[in-house]
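Heads up: the structure comes next, in structure tokens.
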Amino acid sequence: MASTKYIKPTESELEILQVLWTKELASVREVHEELSKTKDVGYTTTLKLMQIMNEKGLVKRDDSVKTHIYQAAVSREKTQKHLLNKMIDGLFGGSPTQLVLQALGNHKASEAELEEIQRLLNNLKKQ
């Protein structure tokens with residue numbers, strides 16, 4: 001991206017990015033078909049959103065062939081980190097502990113997830 005300023009995707013743009021992060025490369029039709037599995041969305045709406053996302057720098061478009069192929073221009077990890085930091089600041093008063101307590105208190109974690117969390121906590125204690 002040309003700018004270092006972070007562009008916050010809308011909820012609909014995030015849904016499109018999720019598809020592109022999974023597929024890596026996709027046409028508007030492929031993205032639209034994935035979105036249609038979970039929500040009622042028109043093809044032209046998907047097309048327009050992806051054109052806007054291209055202008056904003058959230059996706060890249062290869063228009064060297066008739067069917068334009070898109071890919072995410074922002075990484076999943078960077079986007080998750082930015083949105084999570086905004087959520088921690090806005091909803092949890094800047095406290096990651098409150099976020100974790102809320103998440104673990106309201107959702108049943110699997111044994112494997114709990115082991116992964118424990119490994120993370122152990123690594124954090126060693127730092």
Side-chain angles (χ1 to χ4, degrees):
M1 280 192 324
S3 168
T4 56
K5 183 179 180 290
Y6 181 80
I7 300 150
K8 182 180 179 239
T10 65
E11 189 173 326
S12 294
E13 290 170 343
L14 265 177
E15 291 171 345
I16 290 170
L17 283 171
Q18 290 285 3
V19 173
L20 291 173
W21 286 327
T22 301
K23 290 187 170 288
E24 293 186 23
L25 298 171
S27 67
V28 174
R29 176 135 334 268
E30 291 169 317
V31 171
H32 174 70
E33 286 171 2
E34 280 300 310
L35 294 177
S36 295
K37 291 177 182 177
T38 56
K39 64 188 274 185
D40 185 23
V41 61
Y43 176 83
T44 54
T45 301
T46 303
L47 172 63
K48 186 64 180 166
L49 268 171
M50 291 178 73
Q51 290 170 337
I52 292 168
M53 291 172 72
N54 184 56
E55 291 168 14
K56 290 167 79 173
L58 291 170
V59 299
K60 297 177 195 168
R61 179 178 63 209
D62 177 0
D63 49 14
S64 64
V65 291
K66 186 178 178 197
T67 302
H68 296 172
I69 302 297
Y70 289 81
Q71 72 181 85
V74 293
S75 76
R76 180 185 303 235
E77 294 76 20
K78 184 176 179 182
T79 302
Q80 287 174 336
K81 185 175 184 178
H82 178 79
L83 293 176
L84 186 60
N85 285 338
K86 300 268 300 174
M87 184 174 61
I88 289 170
D89 290 343
L91 291 175
F92 298 98
S95 171
T97 304
Q98 289 300 313
L99 169 74
V100 171
L101 291 173
Q102 187 74 336
L104 292 177
N106 290 328
H107 294 31
K108 179 84 172 105
S110 70
E111 189 64 36
E113 289 171 321
L114 291 173
E115 288 173 13
E116 189 175 336
I117 292 166
Q118 188 60 57
R119 273 194 300 280
L120 176 62
L121 291 172
N122 291 342
N123 288 338
L124 288 172
K125 287 180 183 178
K126 292 176 188 174
Q127 292 179 356

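- Shown here for Trp21 and Arg76, the closest heavy-atom pair between the two residues is CB-NH2, 2.9 Å.
- Between Lys56 and Lys8, the closest heavy-atom pair is NZ-O, 4.4 Å.
- The side chain to side chain donor-acceptor pair (under 3.5 Å) analysis of residues 45-55, with sequence neighbours excluded, yields the pairs His32-Thr46.
- At least one donor-acceptor pair closer than 3.5 Å links the side chain of Glu30 to the backbone N or O of Ser27.
- Residue Gln71 qualifies as enclosed at atom CD: its count of foreign heavy atoms under 6.0 Å is above 12.
- Atom CG of Asp40 has 12 or fewer heavy atoms from other residues, nucleotides or ligands within 6.0 Å.
- Within a 6.0 Å radius of CD in Glu24, no more than 12 heavy atoms belonging to other residues, nucleotides or ligands are found.
- Across Val74 and Gly57, no two heavy atoms sit closer than the pair CG1-O, 4.3 Å.
- Residues Leu17 and Ala72 share a closest heavy-atom pair of CD2-CB, 3.9 Å.
- Phe92 belongs to a hydrophobic cluster whose other members, connected by ILVMFWY side-chain contacts under 4.5 Å either directly or through intermediates, are Leu84, Met87, Ile88, Leu91, Leu99.
- When hydrophobic clusters are built by joining Ile, Leu, Val, Met, Phe, Trp and Tyr residues whose side-chain heavy atoms come closer than 4.5 Å, directly or via intermediates, Ile69 is not grouped with Leu47.
- For the residue pair Leu35 and Val41, the shortest heavy atom distance occurs at CB-CG1, 3.9 Å.
- Leu25 and Ile16 are assigned to two separate hydrophobic clusters, defined by single-linkage of ILVMFWY side chains at heavy-atom distances under 4.5 Å.
- Inspection of the Gln127 and Asn123 side chains reveals no N or O donor paired with an N or O acceptor under 3.5 Å.
- At a threshold of 4.5 Å between non-hydrogen side-chain atoms, the residues Ser12 and Met53 do not count as touching.
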